[in-house]
2 protein chains.
Amino acid sequence: MSFKQDLFAQFARVGKALSNGNRLEMLEFLAQGERSVEQLSRVAGLTVANTSQHLQQLRHAGLVDCRKEGLKVYYRVSGDDVIVLLDALRVVAERHVAEVQQLVSTYLTVKDNLEPIPREELLERVRDGLVTVLDVRPPEEYAAGHVPGAVNVPPQELEHWLDELEEQGGIKAHEIVAYCRGPHCVLAFDAVARLREKGMSARRLEDGFPEWKTAGLPVETESVE
Amino acid sequence: MSFKQDLFAQFARVGKALSNGNRLEMLEFLAQGERSVEQLSRVAGLTVANTSQHLQQLRHAGLVDCRKEGLKVYYRVSGDDVIVLLDALRVVAERHVAEVQQLVSTYLTVKDNLEPIPREELLERVRDGLVTVLDVRPPEEYAAGHVPGAVNVPPQELEHWLDELEEQGGIKAHEIVAYCRGPHCVLAFDAVARLREKGMSARRLEDGFPEWKTAGLPVETESVE
DNA sequence: ACACTATTCAAGTGATTAGTAGAATACTTG
DNA sequence: CAAGTATTCTACTAATCACTTGAATAGTGT
């Protein structure tokens with residue numbers, strides 16, 4: 001029964017694409033929107049040539065598509081089912097791989113206090129003007145799409161933003177919700193930890209922006225440059 | 001940021017476990033219930049030692065658990081999230097990998113005529129006694145759990161079963177629904193094709209038994225030996 | 001304690017993979 | 001058309017993987 005073997009070999013091709021940490025990192029980055037090869041190489045910390053080769057493997061596995069515009073080639077995930085797959089992978093890894101659990105818990109010493117806020121709940125509160133939403137991703141990602149009303153404060157600008165806030169008398173009574181790329185992007189954790197140090201009421205949004213977008217919730221775009 | 005790298009490396013470990021056709025075949029088999037190493041090696045067509053090593057990789061990735069009983073070691077998937085992951089993998093592979101599409105369509109020349117019947121619809125018709133349900137998996141899998149009221153007719157016994165049926169006057173007016181291991185197990189396809197050749201009204205159940213079970217639908221068990 | 005069975009472990013081989021470096025391609029701009 | 005840029009292609013190396021073989025472990029029945 002060679003049919004069966006062939007079939008599993010095709011599935012394995014997709015699995016193989018998921019078998020490398022750098023590729024997974026790229027995929028999570030691509031889950032947020034399309035990126036050029038050069039952007040991806042910078043995020044993953046790889047040479048451009050190497051990045052290109054990884055991207056071609058992802059393309060071969062059908063996980064990403066690309067589009068050429070002028071000099072640049074923009075890659076993007078080929079469908080929402082890829083995000084579903086990434087989430088399923090994450091769920092299994094979290095639930096079963098002991099090391100992940102340990103890593104997460106050692107990084108987040110006060111994990112329980114950092115309970116994330118559900119997406120729908122945040123949306124309501126934003127509508128009612130009860131929270132300040134913080135997008136801690138880099139400006140270009142923010143520009144490509146963000147939670148409506150969110151303020152873009154990348155990590156390196158957080159201290160500056162806090163100073164400004166304090167000058168203006170502070171908003172300590174106000175709740176702050178931070179989010180970043182996804183459930184395992186540490187930026188939002190860091191920001192929440194810092195805000196709490198300052199005595200502010202801060203929480204993290206469950207998951208991150210790609211999941212927000214996939215859930216069909218409203219997205220605000222702002223063209224940069 | 002070594003944390004990020006470590007994290008993706010952990011995810012990649014799960015991806016790596018999914019990067020081999022033989023392991024995927026084993027996982028799909030395990031999705032139906034627990035199996036001994038020897039059973040698995042037979043299904044995958046591998047040596048016992050090789051099978052054992054693959055199983056250890058799956059265990060390391062947290063995809064399967066095992067339980068020792070007497071001489072034998074029984075493996076099983078470590079949770080329903082693994083089945084969700086396998087389905088997500090299948091969806092992506094189907095939607096994007098051109099070769100899979102082609103394989104499926106060349107194997108099923110009359111694909112459109114073989115539209116599967118949804119699970120809930122089958123359940124209703126079974127209750128009303130309108131259909132005969134055929135479980136074309138091997139007896140041991142049938143014994144471990146099957147759709148209520150299903151008749152176990154492994155492929156090699158299909159002809160015999162058809163002969164008997166004809167002797168008894170046939171049930172040509174009756175509809176027959178066949179199912180097997182999953183959406184890509186060919187057994188049910190083969191059976192349906194054969195039944196149709198005989199002029200019978202036959203359809204395939206959507207997906208297979210593991211998905212039926214995961215959907216929370218009733219399961220009938222029968223102890224063998 | 002003995003043979004017997006199911007599984008795992010350990011060492012070795014050939015194939016595949018991730019990464020590097022430099023050339024080749026394709027498109028834009030002057 | 002020439003110079004410049006973003007990406008891909010083509011070797012090449014070191015590491016990893018799938019698989020085989022034979023030995024080791026653990027449990028069963030005599």
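Per chain, numbering begins at 1; letters A, B, ... match sequence-line order.
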By side-chain hydrogen bond (donor to acceptor under 3.5 Å, both in side chains), E69(B) pairs with (sequence neighbours left out) R67(B)

Please state how far atom CD in Q56(B) lies from atom P in dA10(C), giving the value in whole angstrom units.
-> 10 Å

Going 5' to 3' through nucleotides 23-30 of chain C and flagging B where a protein heavy-atom sits under 4.0 Å of the base, S where only the sugar-phosphate is that close, and - otherwise, we get ---SBS--

With sequence neighbours excluded, residues passing side-chain hydrogen bond (donor to acceptor under 3.5 Å, both in side chains) with Q39(A) = none

Per the side-chain contact (heavy atoms from CB on, under 4.5 Å) rule, which among L30(A), L27(A), L55(A), D81(A) passes with L63(A)?
-> L27(A)

Could you pull out all residues at least two apart from E157(B) that satisfy side chain to side chain contact (heavy atoms under 4.5 Å, CB included)?
-> V153(B), P154(B)

Give me, pair by pair, the N or O atoms of the protein and of nucleotides 17-21 of chain C that are less than 3.5 Å apart, along with how far apart they are.
from	atom 1	to	atom 2	distance (Å)
dA18(C)	OP1	R23(A)	NH1	3.1
dA18(C)	OP1	R23(A)	NH2	2.8
dA18(C)	OP2	Q57(A)	NE2	3.0
dG19(C)	OP1	N22(A)	ND2	3.0
dG19(C)	OP2	H54(A)	NE2	2.5
dG19(C)	O5'	N50(A)	ND2	3.4
dT20(C)	OP2	N50(A)	ND2	3.4

Test: E141(A) and R181(A) ion pair at under 4.0 Å = yes

With sugar-phosphate meaning primed atoms plus P, OP1 and OP2, does Y75(A) contact a base, only sugar-phosphate, or nothing at under 4.0 Å between heavy atoms?
-> sugar-phosphate

Return yes if some donor-acceptor pair links the side-chain N/O of S19(A) with the main-chain N/O of G15(B) below 3.5 Å, else return no.
-> no

Which is the 5'-most and which the 3'-most nucleotide of DNA chain D that has an atom under 4.0 Å from a heavy atom of chain A?
-> dT5(D) to dT10(D)

Those residues that, when tested against S52(B), pass side-chain hydrogen bond (donor to acceptor under 3.5 Å, both in side chains) (two or more places apart) = Q56(B)

Using 30° and 60° as the class limits, which term best fits the ring planes of F11(B) and F8(B): parallel, tilted or perpendicular?
-> perpendicular

Under the salt bridge (Lys or Arg N to Asp or Glu O under 4.0 Å) test, which residues partner R59(B), sequence neighbours left out?
-> none

Output for pair (T51(A) OG1, R23(A) CZ), nearest 0.5 Å, gives 11.5 Å

Considering the terminal five base pairs at each end of the helix from dA1(C)-dT30(D) to dG30(C)-dC1(D), what angle separates the two local helix axes, rounded to 10°?
-> 30°

Qualifying residues under side chain to side chain contact (heavy atoms under 4.5 Å, CB included), relative to V133(A), sequence neighbours excluded = L122(A), V126(A), V131(A), V147(A), A150(A), Y179(A)

Residue pairs involving residues 70-79 of chain B (criterion salt bridge (Lys or Arg N to Asp or Glu O under 4.0 Å); sequence neighbours excluded) = E34(B)-R76(B)

side-chain hydrogen bond (donor to acceptor under 3.5 Å, both in side chains) involving R42(A) - partner list, sequence neighbours excluded | E38(A)

